[in-house]
There are 2 protein chains.
Amino acid sequence: MDARIESDDRGRKVAVEACAEPCAIERGMRVLGGKWTGSILWHLKDEPVRFNDLTRMVGGASKKMISERLRHLETHGLIDRRVLDTRPLGVAYQITPKGQTALRFLDELRRWSEEELGLTDDEPAEDEPT
Amino acid sequence: MDARIESDDRGRKVAVEACAEPCAIERGMRVLGGKWTGSILWHLKDEPVRFNDLTRMVGGASKKMISERLRHLETHGLIDRRVLDTRPLGVAYQITPKGQTALRFLDELRRWSEEELGLTDDEPAEDEPT
DNA sequence: TCAATCAGTATACTTTTGGTAACCTTGTGG
DNA sequence: CCACAAGGTTACCAAAAGTATACTGATTGA
């Protein structure tokens, strides 16, 4: 992450300590950057939530997405899945201690979005509608 | 972001204050979550960097990606582009004050990745290679 | 019997990304 | 004249990501 550009003996430029393929920022993004991933984790911050409740909370995401993201988060050890023996059967997802550590930064992101991006910041005012 | 599930008079569940389409976390991710986007901004944190130097620093990203991301960041006001009148001509990109505000959280992400994801955490140990 | 809940899968399809490689323009040096 | 650097753009393509809809199978309950 401390890449510099230097010149070799013949004046050609070379990168020193270039940020190779998966630097920390990229790796983190691959874990938490997928669509809905952060939101889902965020919704689990206070208490275990059941599958269908999650789909209701994250309006807009399909069940497929929810279950894909949940498995992804589980694989990374950020949440954990518990089968309940309730009457119509049930599954609750809850955040793990490791998952908790991500909340700090998700909260930073949330705060940043709210302060620096307005509420209306999909793609900022583009001219020329062609 | 404070979605809850409640039951109506007939026992059906409904989401209250569901996290609608683009909640803060999702919106932030759309701005900084693209591949290379965070890394590029990060590389500008200390000083202006020129286009080709950037492509050398972020080994693995093509010129197309770099220029696409740069324009994206510029559109969002996080960096700014200055043409220098040097001998073979040059362009320097530098972070804006608004861009600086994102560094706080990028740094959180970087730290989180380093601490919680190892260095070797592409996709955690999957079994069944088919 | 019909309907609904739970927790997903399966299938099909569209959209968005990301990546390659070639090309362009201006200017310099050999 | 040729090659090279700078700072890109363009065309094209493959793969990944996301959406929509339907369906399973067990159980409950009107």
Side-chain angles (χ1 to χ4, degrees), chain A residues 5 7-8 10-15 21-22 26 29-40 44 48-74 79-94 122-123, chain B residues 5-8 10-15 21-22 26 29-40 48-74 79-94 122-123:
Chain A
I5 299 295
S7 298
D8 70 5
R10 303 254 274 301
R12 277 180 309 232
K13 293 182 181 176
V14 248
E21 306 299 315
E26 293 307 319
M29 284 295 188
R30 284 327 111 206
V31 174
L32 292 166
K35 200 164 180 180
W36 309 119
T37 314
S39 308
I40 289 175
L44 301 182
V49 180
R50 300 173 56 165
F51 184 84
N52 279 345
D53 288 346
L54 221 34
T55 70
R56 276 183 279 258
M57 285 161 145
V58 186
S62 63
K63 286 169 142 212
K64 182 190 165 193
M65 269 292 105
I66 301 285
S67 90
E68 201 171 293
R69 295 302 148 178
L70 284 171
R71 237 169 304 110
H72 171 85
L73 289 168
E74 200 190 351
I79 62 172
D80 108 63
R81 177 181 188 274
R82 277 196 5 245
V83 180
L84 317 167
D85 52 341
T86 47
R87 21 297 173 218
L89 107 7
V91 177
Y93 291 91
Q94 83 186 273
D122 257 333
E123 275 304 309
Chain B
I5 300 294
E6 293 180 356
S7 298
D8 70 5
R10 303 252 273 303
R12 278 180 309 233
K13 293 183 181 177
V14 248
E21 306 298 315
E26 292 307 319
M29 284 296 189
R30 285 326 113 203
V31 173
L32 291 165
K35 200 165 179 180
W36 309 119
T37 315
S39 308
I40 289 174
V49 180
R50 299 173 56 163
F51 185 85
N52 278 344
D53 288 346
L54 221 33
T55 70
R56 276 183 281 258
M57 284 163 147
V58 186
S62 62
K63 287 170 138 206
K64 182 197 164 190
M65 270 291 102
I66 301 285
S67 89
E68 203 171 291
R69 296 301 152 182
L70 284 171
R71 236 169 307 110
H72 172 86
L73 288 168
E74 200 190 351
I79 62 171
D80 107 62
R81 178 182 187 274
R82 276 194 7 244
V83 179
L84 316 167
D85 51 340
T86 46
R87 21 295 174 222
L89 113 359
V91 176
Y93 291 89
Q94 82 186 274
D122 256 334
E123 275 305 309

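Every chain is numbered from 1 and lettered A, B, ... according to where its sequence line falls, protein lines coming before strand lines. Please read these numbers as outputs of a predicted model, since none were measured by experiment.
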Rounded to the nearest 0.5 angstrom, the NZ-CD1 distance for K35(A) and I40(A) is 12.0 Å

Pull out every protein N or O sitting under 3.5 Å from an N or O of nucleotides 25-30 of chain C, one pair per line with the distance.
none

Rounded to whole Å, the NE2-P distance (H72(A) to dG18(D)) equals 10 Å

Exercise. Please walk me through it: do M57(A) and V49(A) pass side-chain contact (heavy atoms from CB on, under 4.5 Å)?
Worked result: CA-CA 10 Å; M57(A) 285 161 145; V49(A) 180; 3.9 Å; yes

Under 4.5 Å between any side-chain heavy atoms of M29(A) and M29(B), yes or no? yes

Phosphate OP1/OP2 of dT9(C): any S67(A) side-chain N/O under 4.0 Å = yes

- prompt: Within less than 4.0 Å of OP1 or OP2 of dC6(C), is there a side-chain N or O belonging to R56(A)?
  reply: yes

CG of N52(A) to CD1 of I66(A), rounded to nearest 0.5 Å, is 10.0 Å

Report yes if a side-chain nitrogen or oxygen of R50(B) is closer than 4.0 Å to either non-bridging phosphate oxygen (OP1 or OP2) of dA6(D); otherwise report no.
no

Sequence neighbours excluded, the answer for side chain to side chain contact (heavy atoms under 4.5 Å, CB included) partners of S67(B) is F51(B), R71(B)

Rounded to whole Å, the CD1-P distance (I40(A) to dG8(C)) equals 12 Å

Do the side chains of L44(A) and I79(A) get nearer than 4.5 Å, heavy atoms only? yes

The helix from dT1(C)-dA30(D) to dG30(C)-dC1(D): angle between terminal helix axes, five bp per end, to the nearest 10 degrees, reads 20°

Exercise. Answer yes when R56(B) and D53(B) have at least one side-chain N-carboxylate O distance shorter than 4.0 Å, and no when they do not.
Key: yes

For dA7(C) and R71(A) - does any side-chain N or O of the residue sit under 4.0 Å from the phosphate oxygens OP1/OP2? no

Ranking dG8(C), dG7(D), dG8(D) by distance to the side chain of R81(A), first place goes to dG8(C)

For a 4.5 angstrom cut-off between non-hydrogen side-chain atoms, does R81(A) reach L70(A)? no

Residues at least two apart in sequence or cross-chain that pass side-chain hydrogen bond (donor to acceptor under 3.5 Å, both in side chains) with R82(B), listed by chain then number, are none

Here the distance between atom C1' of dT9(C) and atom CD1 of I66(A), to the nearest Å, is 15 Å

Ignoring hydrogens and angles, write down the donor-acceptor pairs under 3.5 Å from the side chains of residues 58-65 of chain A, residues two or more places apart or on other chains.
residue	atom	partner	partner atom	Å
S62(A)	OG	M65(A)	N	3.3

CG of L54(B) to CZ of R69(B), rounded to nearest 0.5 Å, is 13.0 Å

What pairs of nitrogen or oxygen atoms, one from the protein and one from nucleotides 14-20 of chain C, lie under 3.5 Å apart?
residue	atom	partner	partner atom	Å
dG18(C)	OP1	K35(B)	N	3.2
dG18(C)	OP2	R69(B)	NH2	2.0
dG19(C)	OP1	K35(B)	NZ	3.2
dG19(C)	OP2	W36(B)	NE1	3.3
dG19(C)	N7	K64(B)	NZ	3.0
dG19(C)	O6	K64(B)	NZ	2.2

